[in-house]
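Working notes, beginning with the structure itself.
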Amino acid sequence: MIHLTDVFVEYDNGVRALNGLNLSVDKGEFAFVVGSTGSGKSTFLRLLYREVAPSEGSVVVNGEDVANMKPADVPYLRRKLGIVFQDFKLLPQKNLWENLAFALRVIGASPRDIRRRIGDALALVGLTHRCDSFPHQMSGGEQQRAAIARALVNNPTLLIADEPTGNLDPDTSWEIMQLLDQINIRGATVLVATHDSQIVDRMKKRVIQLDSGYLIRDENKGTYQQIES
Amino acid sequence: MNLSSVDFLIQEAFTGIKRNGLMAFASISTIALSLGILGTFVLVALGANHFMASQIGKFEIAVYMNEKIDLTQTQAAADKIGKMPNVASAVVLSKEEEWAQFKRTNPNIESAGLQHNPLPHSIDVRVTDASQTTSMANKIRLMDGVNTVRDGREELRRVMALARVVRGVSAAGVIVLLVTATFIISNAIKLTLYARRREIRIMKLVGATNWFVRVPLIVEGVVFGAIGAIAAWLLLKLGGVYVAQTVEKLPFMAQFSSDIPSSVLALGLIIVGIAIGAAGSFVSIRRFLRD
């Protein structure tokens, strides 16, 4: 699903965000990406949807060479991915249904297709009854579920979540994680960058830890902190 | 791109305009003012052109006869001049007519001590080729009974030089303003885009192609440009009425106006407005599409 080989990322300001990262994530996996601020978590995720191009090395997502992808092909890569952010990135002037429809219309989906896919996605996140609500009328948890629904309308094979629970209380965070877990069980590969140690410890999933752009730990059924043996 | 996408793009453009009302107003008024000033310069340049063209056609030579020459002799001289090459017309102006005319415009002249008509008979000669005026005047000067010949060549040369300067300055102004207007308008559009960067970012993240992001914004720019152009046209119309009223009091300036029909002016402004709006949007969006 994801193969990174000797990936270096250096930003224009000279900051080295990733230093020779080698990493693979298989289809259907659920993995946490942990590390302090500036460790390279976000850069790693942004490489996958080609928000960032590597300075060196190869990045393969879904069998496609993302590192050398032409800009014109990037939109088509993103249509196969679902991306979720800490700040939800919902359009404030559009209600829930319109937010989801917007995501489908900008990729040219037909009206019939839009109705069907939105119905499915809203049912999955449990927000069917909220489809007329505007983002400001919804709680943080509902907004994040709305954002996840938007990420799911394209039936992505890979769901990327960058700090999805950063703005949410512990109970709501746990609900969101359960939802991501469910999406994983239904077949999507899920990558979650997080600072939430409780959740990582409780979920017992693969943990990828980065520090200063280096991979320092990659552990199955891991915990947030490395347990000293 | 299917039909529902086209429908969506146009719909998005108009909801964009409605939702960002204040920004839309700012952009449109910027465009209107820029195009209004631009239009003023174009009109002045065209007016100068028109003025020069009209003056060339009006080239005349005034021939004043000796005091002893009577009207019949003057008429004979006029007929002779009329047969010369390059002469469009030679019209006799009798001293009585001229004196009456002069008294009408200067009613106090008799009380000022001028009791008798001091004017000679004269002939008003119009030439077909302005470059021949001097040689024509010299030929007429040698004719019997002719006292003075005046050709307005020198005065006209000065007026034409002035008009030429006005036209040159206006033309340069048009070019500078076109560049400035494009820049200002592109900045105004950049501001509306900045207000919508969130939307643009989401579009990019869910996999919209660059053209799908661009098209509604370019449609918006085109609509802004067209509305701004219509507003500029109205401003120019109102300004034109005011100027015309003022100019009526200055007979000399009467020819100093362009005679382009207002529909042509409107069409020209709308085309420039649309082009600037579309180009401004296109250039401004680039920055937002990069990330």
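Chain letters run A, B, ... following the sequence lines, proteins first, then strands; residues in each count from 1.
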* Asked: F102(A) ring centre to R105(A) NZ or CZ under 6.0 Å, with the angle to the axis within 45°?
  -> no
* Does any heavy atom of chain B fall under 4.5 Å from the side chain of I83(A), the backbone, both, or neither of them? -> side chain
* Asked: Between L104(A) and chain B, which part of the residue has a heavy atom less than 4.5 Å away: side chain, backbone, both or neither?
  -> neither
* What do the steps show when you test D120(A) against R117(A) for salt bridge (Lys or Arg N to Asp or Glu O under 4.0 Å), and what is the final call? -> CA-CA 5 Å; D120(A) 290 352; R117(A) 292 210 246 172; over 6 Å; no
* **side chain to side chain contact (heavy atoms under 4.5 Å, CB included) between D162(A) and V84(A), intermediate numbers included** => CA-CA 6 Å; D162(A) 195 353; V84(A) 175; over 6 Å; no
* Asked: Do the ring planes of F85(A) and Y49(A) sit parallel (below 30°), tilted (30 to 60°) or perpendicular (above 60°)?
  -> perpendicular
* Asked: Does any heavy atom of chain B fall under 4.5 Å from the side chain of P71(A), the backbone, both, or neither of them?
  -> neither
